Amino acid sequence: MYIDGQWRANEATFPVFNPATGEKLADVADANARDLEDAIESAHRTFPEWSATTAYRRAAMLRDAYALMMERKEPLAKQMTEEQGKPLKAARNEVQYAADFLLWYSEEARRLYGSTIPAPRSDQRFIVAHQPIGVVGAITPWNYPTSMVTRKLAPALAAGCTVVLKPAEQTPLCAMEVFKILDEVGLPPGVANLVTTSNPVPVGEAFTSDRRIRKVTFTGSTEVGRILGEAAGKSLKRVSMELGGHAPFLVMADADPVHAAKGASLVKFLNTGQACISPNRMYVHRSIAEQFTAVLADRVSKMRAGNGLADGISVGPLVDDAAVEKVERQVTDAVDKGATTVVGGHRLTADGLEAGHFYAPTVLDGVEPGMDIYREETFGPVAPVIPFDDEDTVLDLANDTEYGLAAYVYTNDLSKAMRLFEGLRFGIVGINDINPTAAAAPFGGMGDSGLGREGGREGIAEYLETKLGGFSLR
Ligand code: ADP
């Protein structure tokens with residue numbers, strides 16, 4: 001743990017495992033009530049001073065943190081592969097993405113502009129200023145263990161907030177590396193605090209009820225988001241939530257099925273499908289569905305699953321056995337109800353994979369609305385293909401979900417692209433684009449996918465209060 005500028009151990013610990021090998025990587029301090037109290041108090045005590053520093057100073061620290069993270073890209077990526085499982089190349093990309101937030105918000109810190117508003121009376125002036133909201137309680141997930149930490153920390157610190165962060169119990173080591181960097185660039189004690197724990201419940205309760213915490217930011221499941229949102233509602237805290245998704249991937253009749261299948265294979269199996277923006281329903285026009293599925297199946301059959309540190313591995317393990325079981329259950333349910341397994345469709349236990357949590361990259365054809373996979377988030381390496389006939393109704397099918405995070409469309413028709421972009425009820429729409437994300441762009445969902453945005457200009461607004469000054473002149 002990192003509390004008030006000091007690294008703190010504890011007699012109580014919990015183990016962290018490599019999901020590819022089952023090997024124990026470390027024992028990490030398991031926070032108790034005292035640790036949590038110290039972290040919150042330290043952030044609270046430090047807030048007046050930190051919020052009064054110049055934006056230039058805050059920007060300089062974030063820029064230094066960016067530089068140090070870039071210097072450590074390779075060891076950070078390797079550690080991420082060991083702790084989280086994604087292939088080394090994907091881990092390098094994530095470290096870059098994580099560092100991008102530090103750089104972007106170092107720049108945004110100096111652009112926290114206010115405004116003036118023409119007033120109705122000649123002796124009156126209005127000014128609008130933005131001030132940091134206060135102490136932030138942040139909870140992050142295991143699937144993007146470094147970038148989800150900086151996506152919250154960087155805008156919060158840039159805004160002038162102080163933070164207590166709790167990483168996922170599966171991936172505390174990646175979070176510790178981010179805090180080592182902040183410590184080394186001279187972030188003052190108490191500004192950012194890290195509390196590691198095997199039991200997230202008391203932390204969620206403290207973050208949502210403690211008067212000293214003014215804002216809760218959470219990335220994780222919709223289920224936990226609802227618990228935290230409800231609790232935060234009692235004390236009327238500001239919340240940002242980045243939750244689950246069930247992304248549709250539309251391939252229209254005019255699209256190139258080969259190009260679309262290539263895109264589908266690249267985006268679906270990123271992070272072994274463990275991403276909230278991973279496509280969960282691939283609606284393909286029936287006239288090109290056969291060709292699309294054949295190309296997708298061919299590419300997927302060539303993917304190699306295994307330990308992400310080995311050469312040529314494109315699909316890593318799932319996070320744990322429960323995740324493998326969920327995928328198995330969804331695939332069995334779909335097949336029982338008439339879907340066909342084109343590739344994969346089973347656990348991987350041979351060739352040294354038996355100690356890890358592996359599931360074969362899978363393509364399912366003939367997926368229909370009555371199947372669990374049609375509605376439930378999969379968070380695994382399964383691409384369900386759903387042929388459609390009627391272009392007028394595919395928008396309704398795509399929107400028929402409580403989630404609203406990401407959607408993808410392949411079409412070469414500009415009017416159709418614009419109509420779908422406008423009609424899809426999702427926070428992020430990729431038009432012939434499988435990677436519509438960047439530190440500079442607002443990321444977030446509608447409906448059950450969450451509240452608020454991270455990244456971009458919008459991302460720092462989540463950590464600011466708007467203050468109006470009315471001045472009467474005499
Ligand atoms: P996933 O199912 O992807 O693991 P979770 O929502 O369970 O997603 O986990 C995301 C983050 O939320 C993790 O940091 C986890 O420790 C935390 N978490 C889980 N349950 C709670 C809870 N009841 N209160 C606060 N945080 C929680």
Side-chain angles (χ1 to χ4, degrees), residues 1 14-17 19 28-31 33 35-36 39-40 83-86 136-153 163-176 178-179 193-210 213 215-235 237 239-246 271-278 280 316-327 329-330 357 376-381 403 405 445 448-451 454:
M1 293 171 290
F14 63 98
V16 179
F17 296 100
V28 172
D30 202 353
D35 300 319
L36 183 57
I40 295 173
E83 189 181 29
Q84 193 273 338
K86 69 187 64 183
V136 174
I139 297 179
T140 55
W142 48 264
N143 61 341
Y144 287 87
T146 304
S147 58
M148 295 304 98
V149 170
T150 58
R151 194 157 86 172
K152 296 187 189 308
L153 275 180
V163 183
V164 180
L165 185 135
K166 188 207 80 64
E169 47 277 30
Q170 296 89 341
T171 56
L173 303 177
C174 285
M176 284 165 67
V178 176
F179 278 78
N193 302 275
L194 174 72
V195 173
T196 50
T197 173
S198 61
N199 179 10
V201 176
V203 179
E205 285 168 357
F207 282 2
T208 50
S209 63
D210 195 297
I213 292 191
K215 154 103 196 179
V216 178
T217 171
F218 171 73
T219 299
S221 61
T222 297
E223 188 192 354
V224 174
R226 261 190 237 288
I227 296 171
L228 296 174
E230 203 176 317
K234 287 212 180 88
S235 49
K237 283 189 208 313
V239 290
S240 305
M241 304 251 158
E242 211 273 277
L243 309 175
H246 206 275
N271 219 24
T272 320
Q274 302 172 115
C276 44
I277 59 170
S278 191
N280 240 75
L318 286 156
V319 65
D320 54 26
D321 220 48
V324 180
E325 279 164 19
K326 183 179 180 189
V327 174
R329 176 177 61 72
Q330 285 193 358
H357 314 293
E376 273 181 22
E377 190 174 30
T378 303
F379 243 58
Y403 291 114
L405 188 56
D448 283 0
S449 289
L451 296 168
E454 293 192 311

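Note that the coordinates shown come from a computational prediction; the quantities given were computed from them, not determined experimentally. The chain is numbered in sequence order, starting from 1. Ligands are counted one by one from 1 in listed order, and the atoms in each one are counted from 1 as well.
What you find for K237 and T208 is that their closest heavy atoms are CE-O, 3.2 Å. Across all their heavy atoms, M1 and A31 have their closest contact at SD-CB, 3.6 Å.
Here the protein heavy atom with the shortest distance to atom 23 (N) of ligand 1 is V201 CG2, 3.8 Å. Remark: minimum distance from atom 20 (N) of ligand 1 to any protein heavy atom is reached at V224 CG2, 3.5 Å. In terms of protein heavy-atom proximity, atom 25 (C) of ligand 1 is closest to P200 O, 3.5 Å. Protein heavy atom in closest approach to atom 15 (C) of ligand 1: E169 OE1, 3.6 Å.
Using a 30° and 60° split on the angle between ring planes, Y403 and H246 fall in the parallel class, below 30°.
Figure legend: K166 and F218 shown without cation-pi pairing, the cationic atom not lying both under 6.0 angstrom from the six-membered ring centre and within 45 degrees of its axis.
When each atom of ligand 1 is checked for a heavy atom of G220 under 4.0 Å away, the hits are 6 (O), 10 (C). Distances below 4.0 Å separate heavy atoms of L228 from the following atoms of ligand 1: 24 (N), 25 (C). Numbered from 1 in the order shown, with element, the atoms of ligand 1 that lie under 4.0 Å from a heavy atom of A168 read 13 (C), 14 (O).
Ion pair E376/K326 not flagged as a salt bridge, since none of the NZ, NE, NH1 or NH2 atoms sits closer than 4.0 Å to an Asp/Glu carboxylate oxygen.
By the 4.0 Å heavy-atom criterion, K166 is counted among the residues contacting ligand 1. Ligand 1 is never approached by I227 to a heavy-atom distance shorter than 4.0 Å. Taking a 4.0 Å cut-off on heavy atoms, W142 registers as neighbouring ligand 1.
Close N/O approach between Q170 and ligand 1 is not found [any backbone or side-chain N/O within under 3.5 Å]. Below 3.5 Å of separation, one finds an N or O of T140 facing an N or O of ligand 1.
If you look at F379 next to ligand 1, there are no close heavy atoms at all, none under 4.0 Å. By the criterion of a heavy-atom distance under 4.0 Å, the side chain of F218, and not its backbone, is placed next to ligand 1.
Listed for the N193 side chain is a donor-acceptor partner under 3.5 Å among the backbone atoms of V163. Here the side chain of Q84 pairs a donor or acceptor atom with the backbone of K86 at under 3.5 angstrom. Of the possible donor and acceptor atoms, none in the side chain of T272 sits under 3.5 Å from a partner among the backbone N and O of G380.
At a threshold of 4.5 Å between non-hydrogen side-chain atoms, the residues P172 and V16 count as touching. Two residues are said to be in side-chain contact when any heavy atoms from C-beta on lie closer than 4.5 Å; P19 and V319 fail this criterion.
Nearest residue to atom 17 (C) of ligand 1 from I139, N199, L243 is I139 (criterion: closest heavy atom). Of the candidates S198, S221, A206, it is S221 that places a heavy atom closest to atom 8 (O) of ligand 1.
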